[in-house]
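Naming convention: chains lettered A, B, ... in sequence-line order (proteins, then strands); numbering from 1 in each chain.
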2 protein chains.
Amino acid sequence: MERPMGESAVLANNSTDAAMKSAGTKKSTKTPATKGKIPAASLSREAVVEAVRQSIFQGRLVPGQRLVEAEICEALNASRGNVRTALMDLEHEGLVERIANRGARVRIVPLEEALHIVEVRMAVESLCVARAAERITPEDRIELQALAQQLTEKAEQGDVDGYADTTRSVFETYLRMANQPVAAEVLAKLRARNTRHRYRLTYRKDRAKVSLPYWLEIIAAICAGDPAAAEAALRAHAQNVQETMKALAEAEQPFAGLTPLSG
Amino acid sequence: MERPMGESAVLANNSTDAAMKSAGTKKSTKTPATKGKIPAASLSREAVVEAVRQSIFQGRLVPGQRLVEAEICEALNASRGNVRTALMDLEHEGLVERIANRGARVRIVPLEEALHIVEVRMAVESLCVARAAERITPEDRIELQALAQQLTEKAEQGDVDGYADTTRSVFETYLRMANQPVAAEVLAKLRARNTRHRYRLTYRKDRAKVSLPYWLEIIAAICAGDPAAAEAALRAHAQNVQETMKALAEAEQPFAGLTPLSG
DNA sequence: GCGCTCGATATTGTCAACAATTTAGCCAAC
DNA sequence: GTTGGCTAAATTGTTGACAATATCGAGCGC
């Protein structure tokens, strides 16, 4: 209704490839045959979850957009049951909003909530870096210092993507070091939930210059085995992120509907 | 197979009442009639979630117990689809564990994980009490001081249930004051997830004596508008909880299977 | 006697038809 | 012109049947 047709193609064009990739792993063991009737080997629930999730992350599905079960069915060639459960899964992840009898849509995460998310992340991640600092081993120290070096290089080269990837590696490294699986789980969900807001920050040309000193300080504190300093450094970074997000949102406010992902 | 029969009654006997209560709210508007065929007005998905959740909380379903869809169906008089989605919901809550093609069981939360949960809760709740201390209003102060008074009285009277209820009120109050919906959401899930371990602590006769000073200190710090002190007080409490949980688990280790809920 | 394949059974996963609900358009009445 | 109810269309929710998968036990060869 809202948009008559053809938009389901947005989901189909690029998604099925990625979706099939994860679906292939499943049905590989045995050929179903299915009594001669070929039901087009429809996507499993997990594959649908992944396809829709990626579509949201990559901006093919914009916040607020309606997710009609039947449309997704056709676009991904999946049965409605699978699509339905997939949407429920995504609701639990906080990516999709579902209202009873009224359908699902891509969840809109308002700035205020995004700031709250950063705040909670700050609390949980400060726990993680503190524990990482306490538990650091010589091997970890070498790895972290190498990452610090790499981070500096990427920043100097102006390699935005590489810099973003490396920060993720740092994050994953101290998370592993912290040995806090519950914290890791919580963080994964929170990060997924404000991917969009995070993207706006991460992929800015000048972001590396601002964030590099914060990252280096965090790494230095962990390597020094100083939990308090690590917490402080992480909180400083988080506060900068909050401020920058606010500033960015204000700057973009006038343009309302537009979302210039690649500023 | 494992246990031939009759155990489904464990779920049915007491649960349907509570389940019906929440189901009643839904179907109240209109009588379905359903073409003359009476499908026994089966429980909706949410009602099943609630019934199973309560059964787990109240210990009628013990950790590790298998949750066969068909059995729950019959016990609660719900359709399998609803039971199925309910189990998936509970999986997301961390209460139920589901293995593909092998069914669901009540999740076993090992001591180690329970300690991790307390640690994450400590991080998130310390954020909340700090914010509560920053944002406190005169009305909040009056409310908190009244709760502190009540807490002291219940502890003196040895009213274990009342004391537990009041601590929950304190928790809810500073959570509301903190204005951190995301943190509240995360905490709700974490609390649900180690309900069982928490019960062992909360409902001990002598627990109030130990925890009361911690609670009073937290409240005092919030009322004083001192975020740092509030965080410190909360962390002290959390650490005591961790230590006590460890000690309790060790003490119970010899008795293996038994779970003396009302020690 | 021991291990192994092969069937029987129990249980979960998928699907498509059906029921219920909401929404939008329309006409009538005020 | 606006409000109110009524009907039709679109969409979600539910159910039962069927397919796929894992588990267990019996028979069989070694």
For this session: Measure the shortest side-chain to side-chain distance between B:Leu95 and B:Val52 over non-hydrogen atoms and say whether it is less than 4.5 angstrom.
Result: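 No - every pair of side-chain heavy atoms lies 4.5 Å or more apart.
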
For this session: Side-chain contact test, heavy atoms from C-beta onward, threshold under 4.5 Å: evaluate it for A:Glu172 versus A:Arg168 and give yes or no.
Result: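 Heavy-atom side-chain distance check passes, below 4.5 Å.
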
Got a salt bridge between [X] and [Y], using NZ or NE/NH1/NH2 to carboxylate O under 4.0 Å?
X: A:Lys246; Y: A:Glu250; value: no
X: A:Glu113; Y: A:Arg193; value: yes
X: A:Asp140; Y: A:Arg135; value: no

Quick one: which of [options] gets closest to the side chain of [X]?
X: B:Ser79; options: D:dT15, C:dT14, D:dT12; answer: D:dT15
X: B:Arg102; options: C:dG13, D:dT23, D:dG13; answer: D:dT23
X: B:Arg66; options: C:dT23, D:dT14, C:dT12; answer: C:dT12

Does OP1 or OP2 of [N] have a side-chain N or O of [X] closer than 4.0 Å?
X: B:Arg84; N: C:dG13; answer: yes
X: B:Asn101; N: C:dT11; answer: no
X: A:Asn82; N: C:dC15; answer: yes

Whole angstroms only, please: what is the [atom1]-[atom2] distance between [X] and [N]?
X: B:Arg105; N: C:dT12; atom1: CZ; atom2: C1'; answer: 14 Å
X: B:Asp89; N: D:dG13; atom1: CG; atom2: C1'; answer: 14 Å
X: A:Glu69; N: C:dT14; atom1: CD; atom2: C1'; answer: 15 Å
X: B:Ile99; N: C:dG13; atom1: CD1; atom2: C1'; answer: 15 Å
X: B:Leu67; N: C:dG13; atom1: CG; atom2: P; answer: 13 Å
X: A:Arg45; N: D:dT21; atom1: CZ; atom2: P; answer: 16 Å
X: A:Glu46; N: C:dG13; atom1: CD; atom2: C1'; answer: 11 Å
X: B:Met88; N: C:dT14; atom1: CE; atom2: C1'; answer: 12 Å

Exercise. Which is true for A:Gly81 with a 4.0 Å heavy-atom rule: it touches a base, it touches only sugar-phosphate, or it touches nothing?
Worked result: nothing

Exercise. Under the 3.5 Å rule, do the base of D:dG13 and the side chain of A:Arg98 count as making a donor-acceptor pair?
Worked result: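 Under the 3.5 Å cut-off, the side chain and the base do not form any donor-acceptor pair.
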
Exercise. Pick the nucleotide of DNA chain C nearest each of B:Val68 and A:Arg80; which residue has the one closer to the 5' end?
Worked result: B:Val68

